[in-house]
Amino acid sequence: MAIKTKSIASLPLSVIVALIVTSLLFIAIPLLTKISTMKKSKEKVQHVLITQRKPPPPPEPEKEEKLEEQKKQEAPKKAQQKQRMPQPKLNIPSSGLSANMSGTIQISGLLKSDFKVSDSLFVSAFNLNEVDQPPRILRAMQPRYPFEAQQKGIEGRVTVRFVVDANGQAQEPEVSKVEPKDVEGIFEESALAVVKKYKFRPAMKGGKAVDCIVNLPIKYSVSE
């Protein structure tokens, strides 16, 4: 009895393809595994080294004592140098100051921020002969005549000295003269009050309005 053997050519096509794919897988899997292991072995691992510095040794007790002694010796020297520093002096010519302020002024080491020579406008204001245009009266007011003096017919004249500031206002009025002498104490208060109500055109110097000192006579007459 003869046994019939099937040849590969007689097998179906699908079976042949399956056999080929299976054989390829068995060959490819070991190759892929080997390749991946080789790549991993070739990769370099970078190691970070951390070095810890040791703290400097503490100074010896003898050196610390020497440093303290040096500091103690230097402290009084610095204090002496501060005491020996001379106070600054400011030399101002007598022409720029009044008669009782000329000479050398000793300046203290600590000056106050609100230090002022004088708050009066009379110190910095110009005189009439020092300005280009003197002040002019824009609005004059009649003074109040004291009732008792008017009833008794007492007349007089009071000259008031004041500063016309750059805004045309009368500042710091003061009585400079009373005529006649026997009417002193009668008209002064009225004269000082009325001057403050005056309005002026300020004095001009160099094209700018400036403070100027003015003497204004105010007459008290019963007939007027």
Side-chain angles (χ1 to χ4, degrees), residues 85-224:
M85 288 179 66
Q87 295 292 337
K89 292 183 178 181
L90 181 64
N91 291 323
I92 300 177
S94 58
S95 59
L97 298 172
S98 59
N100 26 352
M101 290 182 63
S102 62
T104 301
I105 300 175
Q106 184 75 22
I107 299 177
S108 174
L110 297 174
L111 291 177
K112 294 182 180 180
S113 59
D114 57 349
F115 174 78
K116 294 181 181 178
V117 175
S118 176
D119 291 329
S120 176
L121 293 176
F122 285 105
V123 176
S124 57
F126 293 95
N127 293 315
L128 288 174
N129 59 355
E130 295 175 335
V131 297
D132 300 331
Q133 294 180 7
R136 294 181 181 179
I137 297 174
L138 297 179
R139 184 185 66 194
M141 303 293 292
Q142 289 295 327
R144 182 186 62 83
Y145 209 115
F147 179 76
E148 188 176 354
Q150 190 175 18
Q151 292 293 321
K152 294 180 180 180
I154 300 173
E155 297 181 344
R157 187 171 69 172
V158 178
T159 302
V160 181
R161 180 174 178 264
F162 56 94
V163 175
V164 176
D165 63 15
N167 296 319
Q169 299 292 334
Q171 303 290 344
E172 302 181 39
E174 60 183 20
V175 175
S176 61
K177 190 176 182 181
V178 178
E179 298 175 302
K181 287 286 186 181
D182 56 358
V183 298
E184 287 184 356
I186 298 176
F187 301 110
E188 288 93 322
E189 184 178 352
S190 172
L192 293 173
V194 76
V195 163
K196 294 180 181 179
K197 299 177 182 180
Y198 272 57
K199 180 65 178 176
F200 296 87
R201 179 180 295 171
M204 302 297 291
K205 184 177 179 63
K208 295 182 180 179
V210 295
D211 299 343
C212 185
I213 301 172
V214 174
N215 286 282
L216 179 67
I218 300 175
K219 186 178 180 181
Y220 290 85
S221 177
V222 178
S223 59
E224 294 181 0

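Bear in mind the structure is a predicted one, so any value in this text is a computation, not a measurement.
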If you round to the nearest 0.5 Å, how far is [atom2] of [Y] from [atom1] of [X]?
{"X": "Ile137", "Y": "Tyr198", "atom1": "CD1", "atom2": "OH", "result": "5.5 Å"}
{"X": "Met141", "Y": "Ile218", "atom1": "CE", "atom2": "CD1", "result": "12.0 Å"}
{"X": "Asp165", "Y": "Glu172", "atom1": "CG", "atom2": "CD", "result": "10.0 Å"}
{"X": "Lys205", "Y": "Asp211", "atom1": "NZ", "atom2": "CG", "result": "13.0 Å"}
{"X": "Arg157", "Y": "Thr159", "atom1": "CZ", "atom2": "OG1", "result": "5.5 Å"}
{"X": "Ser176", "Y": "Glu174", "atom1": "OG", "atom2": "CD", "result": "7.5 Å"}

Can you find a heavy atom in the side chain of [X] that is under 4.5 Å from one in the side chain of [Y]?
{"X": "Phe200", "Y": "Leu138", "answer": "no"}
{"X": "Val160", "Y": "Leu192", "answer": "yes"}
{"X": "Pro173", "Y": "Lys196", "answer": "yes"}

Residue among Val214, Val163, Ile213, Leu216 satisfying side-chain contact (heavy atoms from CB on, under 4.5 Å) with Pro135 =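 Filter result, single survivor: Val214.
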Salt bridge between Glu179 and Lys177, side-chain N to carboxylate O under 4.0 Å?
-> yes
Indicate whether any N or O donor in one side chain lies under 3.5 Å from an N or O acceptor in the other, for Tyr145 and Ser221.
->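 Side-chain D/A pair, Tyr145 to Ser221: absent.
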Would you say [X]'s side chain and [Y]'s backbone share a donor-acceptor pair under 3.5 angstrom?
{"X": "Arg144", "Y": "Ala191", "result": "no"}
{"X": "Glu188", "Y": "Gly185", "result": "yes"}
{"X": "Glu130", "Y": "Asn127", "result": "yes"}

State, to 0.1 Å, how close [X] and [Y] come at their nearest heavy-atom pair, and which atoms those are.
{"X": "Gly156", "Y": "Phe187", "result": "N-CE1, 3.9 Å"}
{"X": "Val178", "Y": "Val175", "result": "CG2-CG1, 3.7 Å"}
{"X": "Gly153", "Y": "Val222", "result": "CA-CG2, 3.7 Å"}
{"X": "Lys199", "Y": "Gln169", "result": "NZ-NE2, 3.3 Å"}
{"X": "Glu155", "Y": "Ser223", "result": "OE2-N, 4.0 Å"}
{"X": "Ala125", "Y": "Cys212", "result": "CB-N, 4.2 Å"}

Is the centre of the Phe122 ring less than 6.0 Å from the centre of the Phe162 ring?
-> no
